[in-house]
Amino acid sequence: MGIAGSLEDLARALRGTPPEARNLSRLQEIAKLLERFPPGRERDGLLAVAYLRLFQVVKRQEYLFRGYSYARTARVEEVRALAERLWEER
């Protein structure tokens, strides 16, 4: 897949990867790469989006729980709103 390793590169890759079944392995790769960075608002916000998109694709509760948790940690309003919406819809 060839995703470069900086947070900026991963953010760009995540923006370009919609929550669709054909992108499952790419979203998993992005989440795995993001996990390697130390905790922080940007990293946690990106992880939240990655896990919430994974949940949208495969509906695994584990992804929703992780995404919701990272959204709360990151304190990015847009990400938290997405997490809250998905939590209520489950």
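All residue numbers in this chain count up from 1 along the given sequence.
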Between E8 and R12, is there a salt bridge with N-O shorter than 4.0 Å?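 Salt bridge absent between R12 and E8.
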Is the shortest side-chain N to carboxylate O distance from R43 to E35 below 4.0 Å?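 Counted as a salt bridge, because a side-chain N and a carboxylate O are separated by less than 4.0 Å.
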Can you name the closest pair of heavy atoms from [X] and [Y] and give their distance?
{"X": "P18", "Y": "L27", "result": "O-CD1, 4.3 Å"}
{"X": "D44", "Y": "Y70", "result": "O-CB, 3.4 Å"}
{"X": "A71", "Y": "A48", "result": "N-CB, 3.4 Å"}
{"X": "A31", "Y": "A50", "result": "CB-CB, 4.2 Å"}
{"X": "P19", "Y": "V57", "result": "C-CG2, 3.5 Å"}

So how far is it from [X] [atom1] to [Y] [atom2], rounded to the nearest 0.5 Å?
{"X": "Y68", "Y": "R80", "atom1": "OH", "atom2": "CZ", "result": "6.0 Å"}
{"X": "N23", "Y": "R53", "atom1": "CG", "atom2": "CZ", "result": "9.5 Å"}
{"X": "F55", "Y": "R66", "atom1": "CZ", "atom2": "CZ", "result": "14.5 Å"}
{"X": "I30", "Y": "D9", "atom1": "CD1", "atom2": "CG", "result": "11.0 Å"}
{"X": "K32", "Y": "L34", "atom1": "NZ", "atom2": "CG", "result": "12.5 Å"}
{"X": "E77", "Y": "L82", "atom1": "CD", "atom2": "CG", "result": "11.5 Å"}

So Y63 and Q28, side chain to side chain contact (heavy atoms under 4.5 Å, CB included) or not? Walk me through it. CA-CA 10 Å; Y63 290 142; Q28 289 171 325; 3.3 Å; yes
Would L54 and R60 count as a side chain to side chain contact (heavy atoms under 4.5 Å, CB included) here? Give the steps. CA-CA 8 Å; L54 282 165; R60 284 182 50 195; over 6 Å; no
Under 4.5 Å between any side-chain heavy atoms of F37 and L46, yes or no?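 Contact flag for F37/L46 side chains = no.
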Evaluate whether atom CZ of R85 has more than 12 neighbouring non-hydrogen atoms of other residues, nucleotides or ligands under 6.0 angstrom away.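 Result for CZ/R85: enclosed.
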Tell me, please, which residues at least two apart from T73 pass side-chain hydrogen bond (donor to acceptor under 3.5 Å, both in side chains).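 T73 satisfies side-chain hydrogen bond (donor to acceptor under 3.5 Å, both in side chains) with no residue once adjacent residues are dropped.
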Using atom types as modelled and distance alone, determine if a side-chain donor or acceptor of R72 lies under 3.5 Å from a backbone N or O of S69.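 Not a single qualifying donor-acceptor pair exists.
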